[in-house]
Each structure stands twice: as structure tokens, then as C-alpha cells.
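Have a look at the structure below before the remarks.
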Amino acid sequence: MIKVRREVCCYCGACISVCPEGALELIDAYLSVENETCKMCNICVRVCPLGALEASDEE
Amino acid sequence: MKSEYDVLIVGGGPGGALAAKAASENGLSVCIIEKRPAIGAPVRCAEGIGEDLISEFFDELDPKWISTKIEGAKLISPDNSCFYLSPEMAGNEVGYVLDRKFFDRDLIWQAVEAGAECYVKARAVDAIVENGAIKGAIVEYAGETREIRASITIAADGVESKFSRYCGIDTTVPLRELETCAQYLMTDIDIEEGITVFYVGREVAPEGYLWIFPKGKRTANVGIGISGTQSKNGHRAKDYLDKYIKEHFPEGKTIELIAGGVSACEPLECTVADGLIIVGDAARVSDPITGGGIYNAMYTGRLAGQIASKCIKSGDFSKDKLMEYDKTWRSSKMGKALERNYQIKEVFVKLNDKQLNSILNSVSNLVMKEFSTLTLIREIVKLNPKLLKELTSLKKYFE
């Protein structure tokens with residue numbers, strides 16, 4: 001699953017624009033990941049300008 | 001908040017604001033919803049715009065919108081040689097660094113004064129689709145989920161646009177065509193007031209550039225954009241920016257950090273559907289070379305508001321009728337520039353540092369009567385005929 005490091009994320013939305021599944025969203029100024037929709041392509045992890053997203057093995 | 005309007009606008013940036021203003025001035029009932037709690041904050045932008053471009057929208061500029069007037073630019077090549085565009089040669093490329101916190105709020109203010117309603121912290125969570133036509137949005141606002149129906153919905157929700165996706169349009173930006181950006185607002189730094197600075201090169205900003213946009217005395221937006229494919233652990237936009245700042249402004253003070261994505265891809269294949277118009281960054285109309293998007297958002301926003309008014313008055317909101325919007329912006333100066341600049345970007349993004357040095361050194365003594373991105377590139381190509389040989393697709397723009 002994709003984990004958001006909230007202390008690093010500044011909710012810019014760069015990850016949302018590249019997610020091919022539309023699995024990311026800003027809700028109430030927080031980035032939210034729909035893990036059921038996410039296909040773990042990790043494009044969002046790669047594109048984050050601040051390194052706020054992490055791919056994790058945890059379910 | 002009513003349950004029905006003529007026009008519903010998703011997003012309260014410059015595109016949404018101009019659309020709302022144009023539609024309201026034509027007597028339509030208009031609702032703007034913005035998911036963030038405030039208009040104009042946080043701003044995700046280097047805030048630069050050409051004087052000729054902004055003047056298209058206003059007879060007079062409010063001084064509080066402007067942080068600094070820009071009169072020249074410096075382009076720094078990978079070998080640190082400098083190409084200086086003096087005010088005399090800057091011609092039509094002089095401009096402003098805006099204060100978008102004020103600017104964006106005033107644009108919405110103008111739309112509201114014209115009659116539009118605006119709701120912040122109001123988030124579209126889905127589209128209302130009936131018989132394939134968009135009829136508004138499902139909106140979360142003040143702890144409630146409600147339907148807002150509209151004859152025409154305008155998606156102005158920026159690069160991270162989700163509304164068009166809810167309508168079944170794929171707006172995904174390809175990884176290699178997303179510039180991942182970080183920017184500090186810095187103070188106490190040695191800068192030349194009125195001069196913007198651009199650094200290019202794979203060491204400084206792979207497949208992108210680093211910028212310094214003055215905001216006043218010893219204050220500037222210092223930012224960077226790199227290609228999504230070049231971004232990885234330890235080599236992210238912020239890492240490159242921090243490295244630059246450590247070397248060049250070690251004593252500088254950071255008072256704001258913003259981050260974001262800028263699309264450098266082609267615009268969406270079609271920017272309308274039945275009952276839907278897509279504008280600004282959501283339509284992928286930011287400039288693929290510079291990343292600039294304020295003018296393009298305002299232009300497409302205003303046009304969307306005007307076409308929406310025309311269609312609503314005629315009672316026809318079909319895709320066919322709304323195509324006038326798509327056709328008009330594509331055939332405009334802006335649309336043609338987007339098409340050309342995308343082709344140019346595709347070539348320049350592949351150049352290595354040696355090629356960039358050679359190209360920028362070739363133009364270092366250049367004097368141009370007028371400056372624009374196009375005239376500069378035209379001169380670069382003229383002085384580097386080998387480049388043109390590789391760029392058969394670009395020949396038509398330079399012959």
C-alpha cells in the first residue's frame with residue numbers, strides 16, 4: 001500500500017495528476033489514498049516533489 | 001447554496017474566476033466551488049506573467065497584485081556562462097511577478113461582484129451524469145453531501161483535476177511530462193531586482209529548469225521543476241533546490257515552501273463534452289516550455305464563460321454546440337503557441353549539457369530587436385543549423 005507521510009506532504013496534488021487509476025485525492029486538505037483502487041505502480045511515489053509518499057508492504 | 005444554477009464551476013483559481021465573471025456578466029446564475037479553505041492559498045506558482053498578456057484582461061492593474069516589475073532575464077547555461085536579456089532587448093517579454101494571494105482573491109471578488117456565488121471548502125466528489133450528459137456535481141459542503149445541478153459545468157480544478165475523470169475523461173499526465181516542482185519564498189538574498197534568472201542543465205534541473213523570480217528587495221521565489229522520470233529518492237525537486245540554495249544563498253531565509261506539478265504535455269484531445277467545459281491546467285493548457293499557466297487559464301476561463309452563456313441562451317448544451325470553445329482556443333494565438341512549444345520542448349528536453357552549453361554560448365552575443373520565447377528559439381536554431389537538421393518536425397516554425 002501507499003503511505004502518506006503527513007509531516008512531509010504539503011497537499012500539492014502532483015501525485016494526483018499522474019495517478020493512472022485516480023486513486024489519490026485531496027480531502028479536507030489531506031491527501032488520501034484509496035488502496036483498493038491503487039495498483040501499486042508507484043508513479044505517485046516517484047513524482048512527489050518532497051518525498052512524502054512511500055510504498056509499503058503492509059496490508 | 002442553491003440546488004440548481006445555470007453554470008457550476010469546479011475550482012476557484014484564475015480560470016474558474018474568469019469563467020464565473022464572464023457568465024455572471026451575461027446574466028446567468030453561477031456557482032463556484034473551491035475545495036480549499038481559502039482562495040489564492042496556497043499558491044502553487046512562480047507568479048510570473050507578461051505585461052502584454054495580463055493587459056488583455058484589465059484596463060488598469062491594481063498595484064497590490066504586483067510584487068515586482070520584470071525588465072530583463074538571465075539564462076545560465078550548465079557551464080555557468082550567462083546570456084543576459086537586457087531591458088532593451090526584452091521587448092514584449094517584460095512583465096510582472098504577481099502577488100497571487102491578492103490577485104486570485106480579487107478575481108473571485110470581481111466574479112462575485114458580477115453576481116456569482118462562491119463557496120470554499122466545497123468539494124466535488126462526483127459528477128451527475130444523465131444519458132451521457134453532465135448535469136452538475138455531487139458536492140460535499142459544510143458536513144453535508146448535496147446535488148448541485150447545472151446546465152453547464154466548468155471543470156477548472158487545476159492540474160490535479162478529478163472532475164473531468166468523474167465525467168469519464170482521462171486527464172492523467174504522463175510521468176515524463178509532469179514537471180515536479182518545489183519553490184521557496186526566500187528573503188535576505190542577493191538578487192538583482194527586476195531580473196528573472198533561469199538555470200538549465202542536467203546537474204541543476206534535469207529536463208527542467210531552476211528559477212529566481214524577484215518579489216521585492218532581497219526577496220524572491222526560488223524554485224525548480226524537474227521531469228517526473230528524473231525524480232527519485234534523494235533526487236527530488238526539493239533535493240535539487242536545497243543543493244542550489246546551500247551553494248548560492250546559504251544565509252537566505254525561507255519563509256514559505258510550496259510544491260506542485262505542472263503539466264508539460266499536449267492539451268487534452270477534446271476539452272468539452274455534453275454539458276461540460278474544461279479550462280486552464282485541468283485542460284492541460286499550461287505552456288510546455290515555461291510551465292506558465294496564468295494567462296492560459298484566464299483566457300480559456302473567460303472564453304468558457306462566454307461560450308457557456310451563448311449556449312445556455314440557445315438552450316443547447318451539447319458537445320457539438322460547446323465545440324465552439326474547443327475550436328476557438330485551439331485556433332487562437334495561445335493554442336498555436338501551445339502546439340509549437342510542445343514540439344520545441346520535446347526536442348530541447350533531450351539535449352545534454354554539452355549541447356546546451358554550445359547552444360547558449362552561440363547566442364551570448366546576440367542582439368534581438370524584440371524578445372519572446374519564439375524569437376529566442378528562432379535565433380538559437382539559426383545559429384545552430386545542425387539542430388534544425390534533427391528537427392524536421394519543427395522546420396515549419398522557423399523557415
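Note that the structure is predicted; figures quoted are calculated from it, not measured. In what follows, chains are A, B, ... by sequence order, proteins preceding strands, each numbered from 1.
Open room surrounds CD on Glu269(B); 12 or fewer heavy atoms of other groups in view lie less than 6.0 Å from it. No more than 12 heavy atoms of other residues, nucleotides or ligands sit less than 6.0 Å from atom CD of Glu203(B).
Of the listed residues (Gly228(B), Ala259(B), Ala237(B)), the greatest number of heavy-atom pairs within a distance under 4.5 Å of chain A belongs to Ala259(B). Of the listed residues Arg165(B), Lys35(B), Glu177(B), Gln230(B), the one with more heavy-atom pairs under 4.5 angstrom with chain A than any other is Arg165(B). Contact count against chain A (heavy-atom pairs under 4.5 Å) is highest for Cys181(B) among Cys181(B), Gly225(B), Ala182(B). Heavy-atom pairs under 4.5 Å with chain B peak, among Pro49(A), Gly51(A), Cys19(A), Ala14(A), at Pro49(A). When Lys162(B), Lys232(B), Glu179(B), Lys238(B) are compared by the number of non-hydrogen pairs under 4.5 Å with chain A, Lys162(B) comes out ahead.
Both the backbone and the side chain of Cys48(A) come within less than 4.5 Å of a heavy atom in chain B. Contact annotation for Thr171(B): only backbone heavy atoms (N, CA, C, O) come within less than 4.5 Å of a heavy atom of chain A.
The side-chain heavy atoms of Leu24(A) and Glu160(B), taken from C-beta on, include no pair separated by under 4.5 Å. Contact check for Leu178(B) versus Ser17(A): side-chain heavy atoms found under the 4.5 Å cut-off. Taking 4.5 Å as the limit, some side-chain heavy atom of Glu25(A) sits within range of a side-chain heavy atom of Arg123(B).
In this structure a side-chain-to-backbone donor-acceptor pair under 3.5 Å is missing from Thr172(B) to Val18(A). In terms of modelled atom types and a separation under 3.5 Å, the side chain of Arg236(B) and the main chain of Arg46(A) share a donor-acceptor contact.
If you take CG on Leu50(A) and OG1 on Thr180(B), they are separated by 7.5 Å, rounding to the nearest 0.5 Å.
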